[in-house]
Every structure is written in structure tokens, then in C-alpha cells.
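Down below is the structure, laid out as C-alpha cells.
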Amino acid sequence: MSGNHKNRQVNKNVDTIDEESTRKKQPVVYVEDPPTPPRWFSYEFIFYYIIIVIGYYLVFNMFLNRSNEYNSGLKENSGIVDGWFLDRKQDLSDTQYRIYRSNFPLLSIGLTIFVLLSTLIRKSLPESLTNIRILFYDIISIGFLIYVHGSSSIIVLIIALINFGISRLFDRSKLLPAVTWIFNLIILWTSYIYEGYHFSTLSPIIGEWGAWLDQHNGFLSWETYFKVSMLRFISYNNDYYWMRTKRPVPETKGRNAYFIAQERHGPLDHYSLSHFIAYIFYIPLYIAGPIVTFNAFVAQVYNPQKTHSFSDIVKASIKILLVFLSLEIFLHYCYYHSFDKSDVWMSFRGAEVALTGYLVLNFMYVKFLIIWRIFRLFALFDGIDTPENMNRCVNNNYTFTGFWRSWHGSFNKWTIRYLYIPLGGKKTQIMSIWVIFFFIGLWHDLWWSWIAWALLNCVFFSIEIAIMFYFYHPKRLSLRRKWYWRFMVAAAGTFNIFLLMVANLAILHGFENSIIFIKNAFFSEGGFVAFIFAYGWLWCGIMMMMEIRESEKRSKEIKPF
């Protein structure tokens, strides 16, 4: 009996140890705090409304007074030109926006014809003949390439065929993703260094044809648009590799239609050369995206998206055209992007320097919002859904995580699928964000300003992750239920917005000028007053942002991140 008792006691102890070890091994589950009651009509929020309105009044008054100096002719700037609205001048100093707006009518007509023909083919043919639509994409896309890139389309097609060849040469080999990455990074950075490749370097082989081909290389430089194509090359080769190696499909229950289409492997014949060409050079998304994965694209060619109705897309089109018109009018009254680009801002002090950074970031947001959404809308009319860029207004973010989820949402999703998860996901998060941000920076351009941007984002992002990990641990739940918790978050979030602005303005200013920007804004004459005003104004704004998120929780609205 004593032996049995000892055995039972030993087993009990072993069970206890197993339970404790299992409990230790279980990952900590971070759950979102429950929503709080609405505060929109409280005295507290009425105070915030007053401060925010006063702040915007001062902002508008400041930039109108400064811009009127240039509109009246007292001062001149090369980026400020004659406009079309009420005889005022317009700031067209941003090259990308100036080119886009000038080509918008022709681009819209071309894309409308493309979508109408594609829809006609889709509606008139049975599903079994979807390959004809793929063939239509191939023919039109190659014609488009020749039109925009001229002789350089030869280079683009050769790079595409090499990528496709890599997928077949290495097929199920673990080397396939690595070789794809290495090849495309070499093309990306050498094309930057040499400003594209030149046929004249092949003169010993092709003679005078080299110089002739260089003279007919189109009006869009291929290396600029290779950046987005590169992401598609990596998507195709990885999706093909995961299909061939039968990578397990994650749980799709409760997920949206796009996620399901992206994660499910297609049949082998969907990964053919014709499907590859149709995906890589799909006209509505070729120039700027948004970025769609290969699996999701092909799945929607066969089963067009049903998430957005035709009336929804029409309403969205009207809204973005109104935003376009609003930006056009705004640029007749606000010239701060020109001030920034021409370094006029260096003569400013205090609040006006900070205002320059704020207005430039807002302009960049609206510019990209217009470009990305218009291209996405044409794809939606054609039955192809893509992740939405700019899920939140630039003035509705106070964390690095939230900002990058919403600023370039499709690129963020691409990065998670093809970089973050393959690099280890949350297990290696602190290390992998350095790789990811430096890749994103150098993907944009081989400039020191992008190195500065990547470094600053990595440092600030790492700090934010550590702080979030500590405060949003279940052990700190009692703290998060204190009445003063949201005030603490707002105070920290306000400081975070300053870091976000500095990190993103590094794209324009680099390290040296970013330091000058901070010094002139907050450490020169009037700088302390500017800092206090900006901090209080942004603090009130963050209280609004937090209440918006609480409203989303209460309504169970799911942001499309």
C-alpha cells in the first residue's frame, strides 16, 4: 500500500510539474481592452473641439499670410506657377504630382477603354474560356509596355522571362526564394546606379543599333517602375514555390475574400507563362499599384471580386475626384511644399517651421491617396480587388505600427507575407524590422535620406514595440483601467507624432537638415511656444483619435488592415 501511495504521489508531482511547464510554455495572449462609453458630447470633448478649431484657425491664417506674399508677386519661387482658380498661382513643385495631373485625362481614357474591353470579354464568354481574357491582358499589356518604355521594353521583358525561368529552373528547391530575391535586388540597385541599362554598351555586338535603340527608349524610364514589378516577381515566384511544396494554408474562417484568395494555392495551370505576364504587367496596377499578390490576382480573374458592388465603386470614384479637386484648389492657397523643396523653410523659425513639416506630410498623404485609389478603382471596375492603401487619414495615427499599416497598406501586407513571416514573424520581430525598413528605404531609392529614414524608423519602431509589449501585457490590465490611463496614452502618443514627423521628413531632408528642422522649429526664437502649442493641439487631437477607435470597437467595425 505504501508503494502504491508513493507511486500516486510521484505521478501527482509529475502531473503538477507538467501543468506548470505547459503553463510556462503557453504564449501570452494579448487581448484588446473592452470599449468605453462614448464621450463625444461631454464637456471634456467640447473643450477639445474648441482647441482644435482654434489651432486650425491659426494654421490657416499662418500659411495664407505667407503664401499671399508669393501670390501677390512680392516674392517668387520656381515651383509656384500660374494657376487656374480665381487668378491665383498654384504650387506645382512636386514633380510626381505635376506629371500625374497632366497625364490624368489621357490615362483615364486609356484605362476606361481597357476596362470596358476586359468587361466585355468577361461578360460575353463562359468561365471555361477565361484563358481568352488572360490572352487579352497579355497582348494589351505588351503593347502598353512598348508604348511607355519604347525600346526599353526589351529589357523589361528579358528581366521578366529570367524571373519566370528562375521559378522553373529551381522549381521545388529551397533556393528558389533566395535566388529570386538576389536577382531582383541586383537589378534594382544596378539600374539605379547606371540610370537604367543602355543598348550602346552592346555596340561591339549590335553596332549602330545600340545608339538607335537608346534614342527610342520611351517617355517613362523602366527602372523607375521596376520597383513595383519587382514586388510582383517576388510574389509570383514565392506563391509558385509554396504551391509546388504544398505549404499549409492558414485558417481562413472569418477572413475576408481577398485573404482567402491570396492564401489558397491555385491549380498548376494557373502558374503558366501567360498568367505570369498578365499579372506582372496588368495595366491598371502597373505604374503605381496598389500591390496585389499573384494568387489573389489570378483567383479574381477566374472569380471576379464581389466585395464591392458597382454602386460602391461609383460612389468611391466620385469621392476621390472631389478629393482631387480639393487638393487642386488647396494648392492655390498653400505653397509650403515649394518652400520645403527650395529650402525657403530654413529662413523660418518656430511654429512656421513645424507647420512646414505638417503641411508637407499632409500634401504627400493626399497626393498618394489620389494616385493609389484611382488606379485601384479601375482595377475594381475590372473585377480585381487589391488591399487598400491609406486606410486611415494621416491625421488619425499616433503609433508607428498604425501609421505603416495604413499609409501604404498593400506594401505592408506584401512585406508581412514575403519578408516578415519568412524571417520568423513575432519571434524575431525586433531584428527583422531592421532588415525590413532598410529594404523598404533602399527599395525607394539609393539616397542617404532614405538611409536616414530607415534608421530613424527602426529606432523609434523598436522603442514603441518594447513600450507596447510592457504596457499591454495582461499584468498591466489594472493600470489600463485607471481613469488617467488614456491621458497617459495621449501624452506619449503626442511625443510619438513628433517622432513620426521627424522620421518621415528625413526622406526630404536627410540627417543634417532634419537636425536643422528640429532646431529651427523648437530651439530657436519662439520655439518653446511653438512646441507647447503643437503639443497641446496634437494632444487634443489624439484624444479624438482614441475616441474614434473606441467607436470602432463599439460598432464592431473592422478596419481593413
Side-chain angles (χ1 to χ4, degrees), residues 96 99-101 103-123 130 133-149 153 156 160 220 222 224-233 235-236 258 261-262 274-310 312-314 316-321 324 367-390 408-411 413-414:
Q96 187 180 35
I99 293 173
Y100 178 80
R101 71 188 289 276
N103 288 287
F104 177 72
L106 181 62
L107 191 65
S108 299
I109 293 170
L111 287 173
T112 300
I113 294 171
F114 172 85
V115 170
L116 288 173
L117 290 173
S118 177
T119 304
L120 179 63
I121 293 171
R122 172 160 52 95
K123 298 287 187 182
T130 301
R133 189 175 172 211
I134 292 290
L135 181 62
F136 165 76
Y137 285 159
D138 290 344
I139 294 171
I140 296 297
S141 296
I142 292 173
F144 176 74
L145 280 181
I146 295 171
Y147 173 68
V148 298
H149 295 319
S153 58
V156 176
L220 293 182
W222 71 269
T224 301
Y225 301 94
F226 173 77
K227 291 185 291 187
V228 181
S229 296
M230 169 188 174
L231 304 182
R232 289 190 280 263
F233 289 137
S235 175
Y236 172 82
Y258 179 87
Q262 169 184 274
S274 61
H275 289 71
F276 169 81
I277 295 294
Y279 166 65
I280 299 299
F281 303 120
Y282 180 64
I283 293 176
L285 304 179
Y286 175 74
I287 292 177
I291 301 154
V292 60
T293 66
F294 176 80
N295 281 353
F297 173 80
V298 173
Q300 292 178 100
V301 171
Y302 285 86
N303 295 289
Q305 68 86 24
K306 296 180 178 62
T307 305
H308 308 275
S309 67
F310 181 80
D312 289 338
I313 304 172
V314 170
S317 301
I318 295 170
K319 284 172 64 176
I320 201 63
L321 288 174
F324 197 174
K367 175 187 74 171
F368 286 122
L369 175 76
I370 292 167
I371 294 173
W372 282 327
R373 287 205 176 173
I374 286 178
F375 283 130
R376 179 175 183 257
L377 285 166
F378 277 108
L380 279 172
F381 277 118
D382 194 34
I384 306 296
D385 190 11
T386 72
E388 178 72 278
N389 292 331
M390 308 304 197
H408 198 168
S410 65
F411 194 12
K413 286 180 179 292
W414 183 95

Checklist entry - Is a side-chain donor or acceptor of R373 paired with a backbone partner of A316 at a separation under 3.5 angstrom? => result no

Next on the checklist: Please check this pair: side chain of Q262 against backbone of Y258, looking for a donor-acceptor N/O pair closer than 3.5 Å.
Outcome noted: no

Checklist entry - Rounded to the nearest 0.5 Å, how far does OH of Y302 lie from CD1 of I134? => result 5.5 Å

Next on the checklist: Please report the interatomic distance CG(L231) to CD1(I291), rounded to the nearest 0.5 Å.
Outcome noted: 4.5 Å

Checklist outcome for this item: With F294 as partner, the option from F276, F233, Y279 fulfilling ring-ring contact (aromatic ring centres under 6.0 Å, His included) is Y279

Checklist outcome for this item: Tightest non-hydrogen contact, residues I371 and A288, listed as CG2-CB, 4.0 Å

Item to check | Side-chain donor or acceptor of R133 paired with backbone N/O of V301 under 3.5 Å | outcome: yes

Checklist entry - What do you reckon, is OH of Y147 surrounded by more than 12 foreign heavy atoms closer than 6.0 Å? => result no

Checklist entry - For the residue pair F324 and Y100, does the interplanar ring angle fall in the parallel (under 30°), tilted (30 to 60°) or perpendicular (over 60°) class? => result tilted

Checklist entry - Would you find a donor on one side and an acceptor on the other, under 3.5 Å apart, between the side chain of S141 and the backbone of Y137? => result yes

Checklist entry - If only atom types and distance count, is the side chain of D138 paired as donor or acceptor with the main-chain N or O of A278 below 3.5 Å? => result yes

Item to check | Validation row, ring centre F114 to ring centre F136 under 6.0 Å | outcome: yes

Next on the checklist: If the test is ring-ring contact (aromatic ring centres under 6.0 Å, His included), which one of Y236, Y282, F281 qualifies with F297?
Outcome noted: Y282

Item to check | Verdict with reasoning, S118 to D382, per side chain to side chain contact (heavy atoms under 4.5 Å, CB included) | outcome: CA-CA 7 Å; S118 177; D382 194 34; 2.5 Å; yes

Checklist entry - Between H408 (side chain) and N389 (backbone), is there a donor-acceptor pair under 3.5 Å? => result no

Checklist entry - Is a side-chain donor or acceptor of W372 paired with a backbone partner of G289 at a separation under 3.5 angstrom? => result no

